[in-house]
Amino acid sequence: MEYRVKDLALAEEGKRRIDWAEAHMPVLVALRKKYSEIKPLKGIRVAGCLHVTKETGVLVRTLKAAGAEISWCGCNPLSTQDDVAASLVKHDGISVFASRGVSTKEYYDDIHASMRLNPHITIDDGADLTVEMHKALEHGKEGGLGGPLYGGTEETTTGVVRLRALQRAGKLLFPVIAVNDAETKHDFDNVYGTGQSALDGIIRATNILLSGKNVVVAGYGHVGKGIARRASGLGANVIVTEVDPIAALKAKLDGFSVSTMNKATELGDVFITTTGCKDVIVASDIAKMKEGAILANAGHFNVEICIPDLEKQSSDIKKINPHTVQYSLKNGRHVYLIGEGRLVNLAAAEGHPSEVMDMSFANQFLSVLRLAMAKGTMKPIVYDIDKQQDQEIALAKLQSMGIDIDVLTPEQKAYLDGFSEGT
């Protein structure tokens with residue numbers, strides 16, 4: 001078995017962390033119990049490129065229990081939990097290629113190492129693995145992949161945007177299921193998960209008091225909405241910046257101030273980018289920031305805060321703690337960047353709570369099953385999650401919480417399905 005992790009001696013701590021997550025992921029564990037005997041993934045090779053966290057460990061265990069052969073790598077240079085990676089190798093026999101703090105070259109080397117499995121199915125977060133798979137497939141027999149490729153799944157907004165662009169260009173070579181677009185993913189993982197964990201990362205890295213601070217949230221999609229609500233709940237004054245007039249109007253009617261970034265930079269104490277776009281905070285913004293402004297990113301890639309602009313305006317750069325760097329600007333002020341501008345909830349904290357990842361990864365597991373059963377018969381397009389799957393996962397989650405809900409009577413169903421009854 002091939003693998004590359006930081007230190008196998010960390011495996012025992014990693015196992016304890018995965019076990020803890022598993023105790024808080026009842027929906028995924030129930031799926032494991034259901035499919036571990038019939039093993040529908042027997043003979044299926046799965047390559048994953050996801051944050052190597054304790055929650056991912058529960059997903060990997062579930063895929064293996066269903067019969068899959070697995071190879072795994074990290075999807076962000078700073079998101080791997082090294083003890084979890086070690087545990088998956090030592091205790092679960094998984095080929096893992098991941099460690100925290102890798103260079104860009106090492107990051108892609110790990111992706112290519114996971115691809116050596118010649119997977120039937122890919123699981124991706126951000127579409128880097130998918131793009132590298134496309135490059136390999138384009139080479140065909142001259143260095144391409146061997147064996148049938150049934151399709152892939154995509155976990156995050158950034159990746160789905162990239163894949164839909166690939167589809168529009170007519171270059172998507174295999175089907176991909178947009179797990180991110182499931183309601184039981186983006187309405188919970190993105191809103192409640194990132195909303196809490198992004199602020200957790202900022203607080204762990206700085207120990208600041210958010211109450212009374214002006215917190216600027218760039219973007220009011222699912223992630224921005226979750227962060228804004230939770231920052232407000234902690235007593236912060238939230239200012240939202242947007243390019244979408246509908247999203248901006250929603251933010252205003254939700255009770256938040258709305259401004260351009262250029263104006264907000266003069267007011268903000270903490271800036272959190274959530275857009276999935278590049279150059280959200282640039283040189284002209286940095287030059288106007290208050291003394292001690294804190295910058296963090298909750299989007300997938302480290303391009304939202306223009307770090308080259310930050311470096312050009314600085315006379316000195318100093319690391320304050322493992323997660324925070326002080327930039328002494330040439331204008332005499334200081335600003336602080338958390339986690340190298342990468343995902344703050346994973347760079348400076350532990351990522352989403354296990355309870356919310358339970359639903360996201362249940363969607364991942366069921367999507368892998370769908371691709372495995374289709375065995376290459378699906379068209380090379382981006383697929384949405386079936387509404388029925390969303391409903392089943394939500395119901396299972398409610399039941400795990402001891403919550404019952406009402407059920408429509410046959411008469412109510414007929415009324416909703418019909419058109420004849422009026423006033």
Item to check | Residue from Arg17, Arg16, Lys15 passing salt bridge (Lys or Arg N to Asp or Glu O under 4.0 Å) with Asp19 | outcome: Lys15

Checklist entry - Should Gln81 and His51 count as side-chain neighbours, where that means a heavy-atom distance under 4.5 Å? => result no

Checklist entry - Leu295 and Met289: side-chain contact (heavy atoms from CB on, under 4.5 Å), yes or no, with the steps? => result CA-CA 10 Å; Leu295 310 181; Met289 287 182 177; 3.5 Å; yes

Checklist entry - With a 4.0 Å cut-off, would you call Lys290 and Asp285 a salt bridge? => result no

Item to check | Heavy-atom neighbours of Leu253 CG exceed 12 at 6.0 Å | outcome: yes

Next on the checklist: Less than 4.5 Å apart, side chain to side chain, heavy atoms only: is that true for Gln389 and Asn363?
Outcome noted: yes

Next on the checklist: Testing the basics here: between Leu337 and Glu340, what is the closest heavy-atom pair and its distance to 0.1 Å?
Outcome noted: CD2-C, 3.9 Å

Checklist entry - Ignoring hydrogens and geometry, is there a side-chain-to-backbone donor-acceptor pair from Gln167 to Leu172 under 3.5 Å? => result no

Checklist entry - Do Glu138 and Lys135 meet the salt-bridge criterion of a basic N to acidic O distance under 4.0 Å? => result no

Checklist entry - Is there a donor-acceptor contact under 3.5 Å from the side chain of Ser103 to the main chain of Glu106? => result yes

Item to check | Any donor-acceptor pair under 3.5 Å from His323 side chain to Ile202 backbone | outcome: no

Next on the checklist: Ignoring hydrogens and geometry beyond distance, is a side-chain donor-acceptor pair present between Thr275 and Glu304 at under 3.5 Å?
Outcome noted: yes

Checklist entry - Quick check: does any side chain N or O of Asn214 sit under 3.5 Å from a backbone N or O of Gly268, one acting as donor and the other as acceptor? => result no

Checklist entry - Between Lys64 and Asp92, is there a salt bridge with N-O shorter than 4.0 Å? => result no

Checklist entry - Got a donor-acceptor contact below 3.5 angstrom from the Thr274 side chain to the Gly299 backbone? => result no

Item to check | Partner set under ring-ring contact (aromatic ring centres under 6.0 Å, His included) for Tyr150, not counting sequence neighbours | outcome: His120

Next on the checklist: For Cys75 versus Cys49, what's the shortest heavy-atom pair and its separation?
Outcome noted: CB-O, 3.5 Å

Checklist entry - Does atom NZ of Lys213 have more than 12 heavy-atom neighbours, drawn from other residues, nucleotides or ligands, at distances under 6.0 Å? => result yes

Checklist entry - Once you round to the nearest 0.5 Å, how far does OG1 of Thr324 lie from CG of Asn321? => result 3.5 Å

Checklist entry - Does Lys263 NZ have over 12 foreign heavy atoms under 6.0 Å away? => result no

Checklist entry - Taking only residues at least two apart or on different chains, which pairs with a member in residues 182-211 satisfy ring-ring contact (aromatic ring centres under 6.0 Å, His included)? => result His186-His222, Phe188-Tyr192

Checklist entry - Within the distance-only criterion (no hydrogens, no angle test), does the side chain of Ser87 pair as donor or acceptor with the backbone N or O of Asp83 below 3.5 angstrom? => result no

Next on the checklist: Could you go through Asp128 and Tyr107, starting from their C-alpha distance and side-chain angles, then the distance that decides it, and tell me whether this counts as side chain to side chain donor-acceptor pair (under 3.5 Å)?
Outcome noted: CA-CA 10 Å; Asp128 280 345; Tyr107 172 75; 2.7 Å; yes

Checklist entry - Less than 6.0 Å separating the ring centroids of His112 and Phe97? => result no

Checklist entry - Where do Val270 and Ile208 land on the side-chain contact (heavy atoms from CB on, under 4.5 Å) test, with the steps shown first? => result CA-CA 10 Å; Val270 180; Ile208 60 167; 3.7 Å; yes

Checklist entry - If you draw a 6.0 Å radius around CE in Met1, do more than 12 non-hydrogen atoms from other residues or ligands fall strictly inside? => result yes

Next on the checklist: Whether Asp200 and Arg204 form a salt bridge (side-chain N of Lys/Arg under 4.0 Å from carboxylate O of Asp/Glu) is what I want to check.
Outcome noted: yes

Next on the checklist: With a 6.0 Å cut-off (strictly less than), is the heavy-atom count around OH of Tyr327, excluding the residue itself, greater than 12?
Outcome noted: yes

Checklist entry - Which is it for Arg4 and Ser99 under the side chain to side chain donor-acceptor pair (under 3.5 Å) test, yes or no, and what are the steps along the way? => result CA-CA 8 Å; Arg4 191 202 66 76; Ser99 62; 3.0 Å; yes

Checklist entry - Between Asp189 and Val356, is there a donor-acceptor pair closer than 3.5 Å when you use the side chain of the first and the backbone of the second? => result no

Checklist entry - When you measure from the side chain of Lys252 to the backbone N and O of Val258, does any donor-acceptor pair fall under 3.5 Å? => result no

Checklist entry - Do Asn180 and Lys185 meet the criterion of a side-chain donor-acceptor pair at a distance under 3.5 Å? => result yes

Checklist entry - More than 12 non-hydrogen atoms from neighbouring residues, nucleotides or ligands closer than 6.0 Å to CD on Glu355, yes or no? => result yes

Item to check | Between OG1 on residue Thr62 and NZ on residue Lys34, distance to nearest 0.5 Å | outcome: 13.5 Å

Checklist outcome for this item: Taking every heavy atom of Gly212 against every heavy atom of Asn237, the minimum-distance pair comes out as O-ND2, 3.6 Å

Next on the checklist: Please determine whether a side-chain nitrogen of the Lys or Arg among Asp316 and Lys330 lies less than 4.0 Å from a carboxylate oxygen of the Asp or Glu.
Outcome noted: no

Next on the checklist: Restricting to non-hydrogen atoms, name the atom on Ser367 and the atom on Thr153 that form the minimum distance, rounded to 0.1 Å.
Outcome noted: CB-CG2, 3.7 Å

Checklist entry - Nearest heavy-atom pair of Val84 and Thr53: which atoms, and what distance? => result CG1-O, 3.4 Å

Checklist entry - With distance as the sole test, does Asn297 use its side chain to make a donor-acceptor pair with the main-chain N or O of Gly341 at under 3.5 Å? => result yes

Item to check | Note: Glu22-Lys54 ion pair, threshold 4.0 Å (strictly below) | outcome: no

Checklist outcome for this item: Closest heavy-atom pair, Ala228 versus Tyr220, reported as atoms and distance to 0.1 Å, is CB-CE1, 4.0 Å

Checklist entry - Within a strict 4.5 Å, meaning less than it, do heavy atoms of the Leu173 and Pro380 side chains meet? => result no

Checklist entry - Salt bridge between Glu266 and Lys288, side-chain N to carboxylate O under 4.0 Å? => result yes

Item to check | Lys/Arg-Asp/Glu bridge criterion (N-O < 4.0 Å) met for Asp110, Lys105 | outcome: no

Item to check | Main-chain N/O of Ala347 paired with Arg100 side-chain donor or acceptor, under 3.5 Å | outcome: yes

